[in-house]
Amino acid sequence: MAELTETALPGVGQRVDFISKDGRRVGVVHHHTGKRELFVCAPSDPDAVILSLRLTDDESHALADALGGSSIVESLDDMAQQIEGLAIDWLVVSGDSPWVNRTIGDTRIRTRTGVSVVAVIREGNAHPAPDPQFVIEAEDSLVVVGTPEGIEAVGQILTSG
C-alpha cells in the first residue's frame with residue numbers, strides 16, 4: 001500500500017501525496033481557499049510537476065467516486081446502520097490537555113465512558129490498537145469507538161481531565 005505523506009505549505013495549505021509504483025509523485029494540494037489541485041511529477045525528478053489540474057468541488061467528488069471512494073462510504077454507512085448506536089470519531093489532543101505526556105491508561109477513558117481508543121494518529125502515522133501504556137502527545141488524534149454520548153465525554157476528559 002502506498003504511504004501518504006502530508007506536508008504543510010505555509011501560506012498555501014496542505015499537500016498530500018504518495019510515490020507511485022513507477023516512481024511518480026502523485027498528490028493533491030488543498031489550498032486554504034478550498035481550491036484543490038491534482039498533480040503528477042516526473043519519475044526522474046519528484047519535484048518536477050508534469051501535470052497539474054485544478055479541480056472544483058464537484059470534480060473532486062466525481063474523481064473520488066471514480067476511484068471507489070463512494071463505495072467505501074456506502075459500506076461504512078451500511079455497517080453503521082447494522083450496528084445502531086455505534087459511532088467513531090477522531091479527537092485531537094490539544095497541547096494544553098492534562099493528558100499530554102501521560103498514558104492512555106491514566107485517562108481511564110474505557111472505564112469512565114465505555115469508549116475504546118482503537119488507534120492513535122501521530123504525525124501522519126497510525127498506531128493501531130494502542131495499549132494502556134501508550135503515551136499521549138500533543139496533537140495526537142485518538143481514533144475512538146463508542147456511543148455518541150461516550151465520545152462526547154471523552155472530548156471533555158481530554159480537554160479538562
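In this chain, residues are counted from 1 in sequence order. This is a predicted model, so every value here is computed, not measured.
Residues Val92 and Asp140 fail the side-chain proximity criterion, which asks for heavy atoms closer than 4.5 Å. Using a 4.5 Å cut-off on side-chain heavy atoms (C-beta onward), Val118 and Val144 make no contact. Side-chain contact between Phe39 and Val26 is absent, with no heavy-atom pair separated by less than 4.5 Å. Contact check for Leu53 versus Leu55: side-chain heavy atoms found under the 4.5 Å cut-off. Contact check for Glu37 versus His31: side-chain heavy atoms found under the 4.5 Å cut-off. Contact of the Thr113 side chain with the Ile157 side chain is registered, since non-hydrogen atoms from C-beta on lie closer than 4.5 Å. Proximity of Ile104 to Pro132: side-chain heavy atoms (C-beta onward) are nowhere separated by under 4.5 Å. Taking 4.5 Å as the limit, every side-chain heavy atom of Asp96 sits out of range of all side-chain heavy atoms of Thr159.
The local environment of CZ in Arg102 is crowded, with over 12 non-hydrogen atoms from other residues, nucleotides or ligands closer than 6.0 Å. Under a cut-off of 6.0 angstrom, the local environment of CD in Glu152 is sparse, with at most 12 non-hydrogen atoms contributed by other residues, nucleotides or ligands.
Residues Thr103 and Gln133 bring no donor and acceptor atom of their side chains to less than 3.5 Å of each other.
With rounding to the nearest 0.5 angstrom, the OG atom of Ser20 is 10.5 Å from the CZ atom of Arg25. Between the CZ atom in Arg122 and the CZ atom in Phe134 there is a gap of 4.0 Å [rounded to 0.5 Å]. Atom-to-atom distance recorded for Glu59:CD and Arg54:CZ is 11.0 Å, nearest 0.5 angstrom. In this structure, CD in Glu139 is found 10.5 Å from OG in Ser97, a value given to the nearest 0.5 Å. To the nearest 0.5 angstrom, Ile121 atom CD1 is 9.5 Å from Leu142 atom CG. Between the CD atom in Gln156 and the CG atom in Leu91 there is a gap of 11.0 Å [rounded to 0.5 Å].
Heavy atoms only, all atoms of each residue included: Ile88 and Ile151 are closest at N-CD1, 4.1 Å. Nearest heavy-atom pair across Arg112 and Gly161 is NH2-O, 2.9 Å. Closest of all the heavy-atom pairs between Ala119 and Pro128 is CB-CA, 4.0 Å. Annotation for Gly13 and His32: closest pair N-NE2, 3.3 Å, computed over non-hydrogen atoms. When all heavy atoms are compared, the tightest approach of Asp22 to Pro43 is O-CB, 3.6 Å. Across every non-hydrogen atom of Arg110 and Gly114, the tightest pair is NH1-O, 2.6 Å.
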Go through the steps for Ile136 and Val120 under the test side-chain contact (heavy atoms from CB on, under 4.5 Å), then give the verdict.
CA-CA 9 Å; Ile136 299 168; Val120 176; over 6 Å; no
Derivation and outcome, side-chain contact (heavy atoms from CB on, under 4.5 Å), residues Leu158 and Trp99
CA-CA 7 Å; Leu158 292 174; Trp99 303 108; 4.2 Å; yes
Intermediate values then yes/no, side chain to side chain donor-acceptor pair (under 3.5 Å), Thr56 and Asp58
CA-CA 5 Å; Thr56 66; Asp58 286 342; 5.3 Å; no
Would Val16 and His30 satisfy side-chain contact (heavy atoms from CB on, under 4.5 Å), going step by step from the backbone distance to the final call?
CA-CA 8 Å; Val16 180; His30 297 269; 4.2 Å; yes
What verdict does the side-chain contact (heavy atoms from CB on, under 4.5 Å) test give for Arg15 and Thr5, after you've listed the backbone C-alpha separation in whole Å, the side-chain angles of each residue and the deciding distance to 0.1 Å?
CA-CA 8 Å; Arg15 181 181 79 198; Thr5 302; 5.5 Å; no
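Leu63 and Val29 are members of different hydrophobic clusters when ILVMFWY side chains are connected at heavy-atom separations under 4.5 Å.
Among Val49, Asp17, Ile19, the single residue meeting the side chain to side chain contact (heavy atoms under 4.5 Å, CB included) criterion with Cys41 is Val49.
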